[in-house]
Amino acid sequence: MTYQAPYKDMQMLVEQAYLQHGLDKQEALEDFDIELANAVMEEAAKFASGVLAPLNQVGDIQGCRFDDGKVITPEGWKDAYQQFAESGWVGLSLPEAFGGQGLPKYISQPVNEMWLSANLAFVMFQALAQGGSEILLKFASESLQARYLPKIVAGEWTVAMALTEPNAGSDLGALTTKAIPQQDGRYKIKGQKIYITYGDHDLTDNIAHLVLARTPDAPAGSRGISLFLVPKYRVNEDGSVGDFNDVRCTGIEHKMGLHGSPTCSISYGDQDDCVGELLGEVNQGLMGMFVLMNEARLNTGLQGVALGELGYQRALQYAQERTQGSNSKGERVAIVQHGDVQRMLLEMRSEVFALRSLGYQIAAQIDLVESTGDNSARDQVALLTPIFKAFSTERANVMTGNVVQVFGGMGFVEETGVAQFMRDARITTIYEGTTGIQARDLMFRKVRGDQGQALSALLVSIESLANELVSDDSLAHIAKQANQAVVVVRQLMVDQLLNDATDEDTLHAVSVPFLEAMGTLCCAWQLMNATSTAAKANIEDQDYYQNLMAMTQFYGAYRLPTAMASLQTVASAGMGLKAFDFQQQ
């Protein structure tokens, strides 16, 4: 079975986000309506299932090779990349002025999800192209934009993000890569970076590295970081590829998953001949990198959705075909008829649907911010981004584990291919900021940072919807539980989250349970939202509506209660953590 885009779900949730955030009323988006969105999604679905999906297991089995200093991608990768670039998919959301299609986020989001489900390892360059281009648009000079952006947008060159160093990890303030100013205004770059996705490969003739480094007089810590554009091959004034820029791949990582995606160690300036150009201001590099990081975090959250969807499709097909055990009548049946298998399948189905909806809502809010400058929408995007990134990827690990469980012993062997999903998913909770880092961001920068204003607005939205549905017998159970969770979160805000007397270390220790509770509550909110919207629209496909209702009811019974448990953990304020002696064996 190859991946098939869940087009009906996508179409429904895209239109819902489009209308609920008033994008149909924005003059800047008048050329990007639902009809266009559907047409783009249809073409993307064909490409995803026809070109990318067949290469997914190929990439996992073959992996990348490092041969005589060169990175060689799996069989079929180069041809698929050429098709991807020539079809204009790289520049889907990038400016028309540089050759892109300029589509809004609400359209590109479902398209990106299709790519990620079909072949996650292959398309990891896409988010780098998007985020890197946004950095150049905001921080590069017009000359640099003219030399680089047309090539990146066309897919002729790729982008690599060079942050991590061997001794620094996620602590960017500890990096030591040097940037020595030269008389011509450029900088000599010297240092080593690791874990660089698509840091080197054989798909294009040049790679633009975005490198964090320090100038000689830079202050210590993150305040002294600058951002530089460092190509593998120098770029002439006319945009053509010039001499080698002393950017060398020293090896590729041998990873648990994502074997088809080259993750490289790069050495800059071994021969003291690597030059880079400053992006933005000296010592302000994190400002530029955060542009890419925000794009990357949303893309990573979408990876969780994509892997969950891919796993669900494979698990459902297997459960329908695999005959094992008997029903209450003693008849041999397919395992899809067993209650516990149904539980696992419906948990995947409902959670993927809810997380997809949340991701599409965030995308529509980004379009609203870019069209109108709406500050409340901007605050909601900032609040929901760490929740979406962390919760979606954590649940992807659970969901892909359940795929293996549905397959039983056949899931534990590589021949069925589903073990790949579990291995590929594992990194998603780590890169672009671990779950703990996302939770800390949520707790301290987002909730405490604005004294709970954005969180309060989110709770009002959830509560308002739940109040509408509490009198509906079919949805009363989940609506009442959602309201109870809102009450508890509000009380925690008073007692702990916004209380100056609360110890910050304690809050850090319960930040992940808090994020998990909010992720679960947001999923319940999105399922209620979709079910309510479908009911008001009086959709013709009653079988589809019945399944949607069943998913919402299931989530209220099986998953939403875990939010209350997580909130009870938050209320415990890290009990036992400070008393434990971690020096003892």
Side-chain angles (χ1 to χ4, degrees), residues 5 7 10-11 13-15 17-18 21 23-24 26-52 80-119 122-138 140 142 145-159 198 203-204 208 239 291-292 294-296 298-299 302 306 359-360 362-372:
Y7 185 69
M10 289 178 161
Q11 185 180 34
L13 294 176
V14 163
E15 184 170 359
Y18 175 77
H21 293 287
L23 301 187
D24 57 322
Q26 302 305 319
E27 184 177 348
L29 298 174
E30 61 183 2
D31 293 330
F32 305 104
D33 58 14
I34 286 297
E35 286 71 23
L36 176 63
N38 289 335
V40 172
M41 287 192 290
E42 286 180 6
E43 288 303 311
K46 296 174 186 175
F47 194 90
S49 61
V51 178
L52 300 185
Y81 183 85
Q82 186 175 1
Q83 291 183 59
F84 193 93
E86 290 177 352
S87 298
W89 294 119
V90 176
L92 191 69
S93 296
L94 295 174
E96 294 179 83
F98 295 100
Q101 298 181 50
L103 297 187
K105 192 78 173 176
Y106 95 90
I107 297 178
S108 66
Q109 190 83 333
V111 172
N112 288 337
E113 183 195 328
M114 294 179 200
W115 304 150
L116 296 168
S117 281
N119 196 333
F122 176 83
V123 296
M124 293 187 72
F125 60 79
Q126 172 68 16
L128 293 166
Q130 179 72 33
S133 296
E134 290 177 5
I135 288 177
L136 293 178
L137 287 167
K138 189 167 185 179
E142 290 185 4
Q145 290 178 9
R147 286 159 57 199
Y148 282 86
L149 279 175
K151 300 289 188 178
I152 294 172
V153 171
E156 295 182 39
W157 300 345
T158 59
V159 176
Y198 274 92
L203 304 181
T204 61
V291 172
L292 191 151
N294 282 332
E295 174 69 27
L298 290 170
N299 183 269
L302 201 58
Y360 291 7
I362 295 172
Q365 287 179 309
I366 291 173
D367 289 334
L368 184 63
V369 170
E370 293 181 351
S371 298
T372 67

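The first residue of the sequence shown is numbered 1, and numbering continues consecutively from there. Model, not experiment: these values are computed from the prediction.
- A donor-acceptor pair is defined here as one N or O able to donate and one able to accept, closer than 3.5 Å; such a pair exists between the side chain of D367 and the backbone of Y106.
- Scanning all heavy atoms of the two residues, the minimum distance from A48 to A118 falls at O-CB, 3.4 Å.
- No side-chain donor-acceptor contact under 3.5 Å links Q83 to the backbone of V51.
- Within the 3.5 Å criterion, the main-chain N or O of L136 finds a donor-acceptor partner in the side chain of Q145.
- Counting all heavy atoms, side chain and backbone alike, A364 lies closest to H21 at CB-CD2, 3.7 Å.
- One distance of note links OH of Y360 with CG of L13; it measures 7.0 Å at 0.5 Å rounding.
- The closest side-chain heavy-atom distance from L149 to L137 is below 4.5 Å.
- Relative orientation of the F47 and F84 rings is perpendicular, given thresholds of 30° and 60° on the angle between their planes.
- Residues Y18 and D33 form a side-chain contact, since some pair of their non-hydrogen atoms from C-beta on lies under 4.5 Å apart.
- Judged purely by distance below 3.5 Å, without hydrogens or angles, the side chains of E134 and Q130 pair a donor atom with an acceptor atom.
- With contacts defined as side-chain heavy-atom distances shorter than 4.5 Å, the pair V123/L116 qualifies.
- P104 is not listed as a side-chain neighbour of L23, based on a closest heavy-atom distance of 4.5 Å or more.
- One finds the CD atom of E370 at 9.0 Å from the CG atom of L29 (value rounded to the nearest 0.5 Å).
- Within a 6.0 Å sphere centred on CD of E27, heavy atoms belonging to other residues, nucleotides or ligands number 12 at most.
- Counting all heavy atoms, side chain and backbone alike, V90 lies closest to A85 at CG2-CA, 4.2 Å.
- Under the 4.5 Å side-chain criterion, counting only non-hydrogen atoms from C-beta, L103 is in contact with V40.
- A distance of 5.5 Å separates CZ of F122 from CG of L52, quoted to the nearest 0.5 Å.
- Using a distance-only test at 3.5 Å, with no hydrogens or angles considered, a donor-acceptor pair links the side chain of S108 to the main chain of K105.
- Every ring pair (Phe, Tyr, Trp, His ring centres under 6.0 Å) that Y81 has, sequence neighbours left out, goes to F125.
- The distance from the CE atom of M114 to the CD atom of Q109 is 11.5 Å, given to the nearest 0.5 Å.
- Taking each heavy atom of V111 and A44 in turn, the nearest pair found is CG1-CB, 3.8 Å.
- Note that CG of L298 and CD1 of I362 are 6.0 Å apart. Values are rounded to the nearest 0.5 Å.
- Between F32 and Q26, the closest side-chain pair of non-hydrogen atoms is not below 4.5 Å.
- Atom CG of residue N299 and atom CG of residue N112 lie 6.0 Å apart, to the nearest 0.5 angstrom.
- Looking only at side-chain heavy atoms (C-beta outward), Q101 and L94 stay at 4.5 Å or farther from each other.
- Considering all non-hydrogen atoms of both residues, M10 and P110 come closest at CE-O, 3.7 Å.
- For W157, the ring pair (Phe, Tyr, Trp, His ring centres under 6.0 Å) criterion is met by Y148, not counting sequence neighbours.
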